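The shown structure was predicted, so the numbers you read here are calculated from the model rather than taken from an experiment.
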Amino acid sequence: VSGKSKKETLMDIFESRTSVRAFTDEPVAKSQVMALLRAAMLAPSACNQQPWRFYVIYDKSFNRRFVNQPYAAFGAKAPVLIVITYVTDCIVSEFAPIDASCAAENLWLKTAELGLGGTLMGVYPRRERALAVKKLLGLPVKEEAFALFALGTLKRRGAPKTVGILNGSMKEGKFSS
């Protein structure tokens, strides 16, 4: 539980979620990690194929192997690193990365709800990143790396997000080709 006195709404979680790159050394409880994974696995997926897999790494010495990957260097300092992958031998494999993305979003939102900090480090669709992670973890042939998620107790919160409606992301009206 996040420790807030009022009951959080989903919009509160959307608005408060930030990318956290600085963590305390405080360990993350296994029960919290399990709650995160449960939330991730409740994500929607094409044909309910649930192609995602999660590798939970508590070993900081192993996590340091990612330090040479410029997109993942700060993940080496996180108490927990979750590697999100997807299998390619599923019902509609072309949608597996989208399914993994939905699972990652659920994981991230649950992280915020629990009052923890995290950030997603992109692997997919960059082939060189996927191959580097695949090699580090020894993933099976029919499994691809999607993202890394650094998790821990936040040392400091990131800056609030801007809302797309205010910066021109939303378009209204009739559209024609």
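- Pairing each heavy atom of Lys134 with each of Val141, the nearest pair is NZ-O, 3.0 Å.
- Listed by first and then second residue, the salt bridge (Lys or Arg N to Asp or Glu O under 4.0 Å) pairs involving residues 44-62 are Asp25-Lys60 (not counting sequence neighbours).
- Counting non-hydrogen atoms of neighbouring residues, nucleotides and ligands closer than 6.0 angstrom, the CE atom of Met34 reaches no more than 12 such neighbours.
- Among residues two or more places apart in sequence or in another chain, the side-chain contact (heavy atoms from CB on, under 4.5 Å) test is passed with Arg126 by Glu128, Arg129.
- No side-chain heavy atom of Tyr55 sits less than 4.5 Å from a side-chain heavy atom of Ile82.
- Taking all atoms of both residues into account, the shortest heavy-atom contact from Pro79 to Gly152 is CD-CA, 3.9 Å.
- Here the closest heavy-atom approach between residue Phe23 and residue Leu151 is recorded as CE2-C, 3.8 Å.
- With sequence neighbours excluded, the residues that form a side-chain contact (heavy atoms from CB on, under 4.5 Å) with Ser45 are Asn48, Gln49, Gln50, Pro51, Trp52, Asp99.
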Starting from the C-alpha separation in whole Å, work towards a yes-or-no answer on side chain to side chain contact (heavy atoms under 4.5 Å, CB included) for Phe149 and Leu81. CA-CA 6 Å; Phe149 189 79; Leu81 187 65; over 6 Å; no
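- The two atoms that bring Ile13 and Ala112 nearest to each other are CG2-CB, 3.8 Å, heavy atoms only.
- Across Pro97 and Glu94, no two heavy atoms sit closer than the pair CD-O, 3.7 Å.
- Residues Phe146 and Ala104 come closest through the heavy atom pair CE2-CB, 4.4 Å.
- One finds no salt bridge joining Glu105 and Lys110 here, because no Lys/Arg side-chain nitrogen approaches an Asp/Glu carboxylate oxygen to under 4.0 Å.
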Test log, rule side chain to side chain contact (heavy atoms under 4.5 Å, CB included), inputs Thr88 and Tyr86: CA-CA 7 Å; Thr88 58; Tyr86 61 90; 4.0 Å; yes
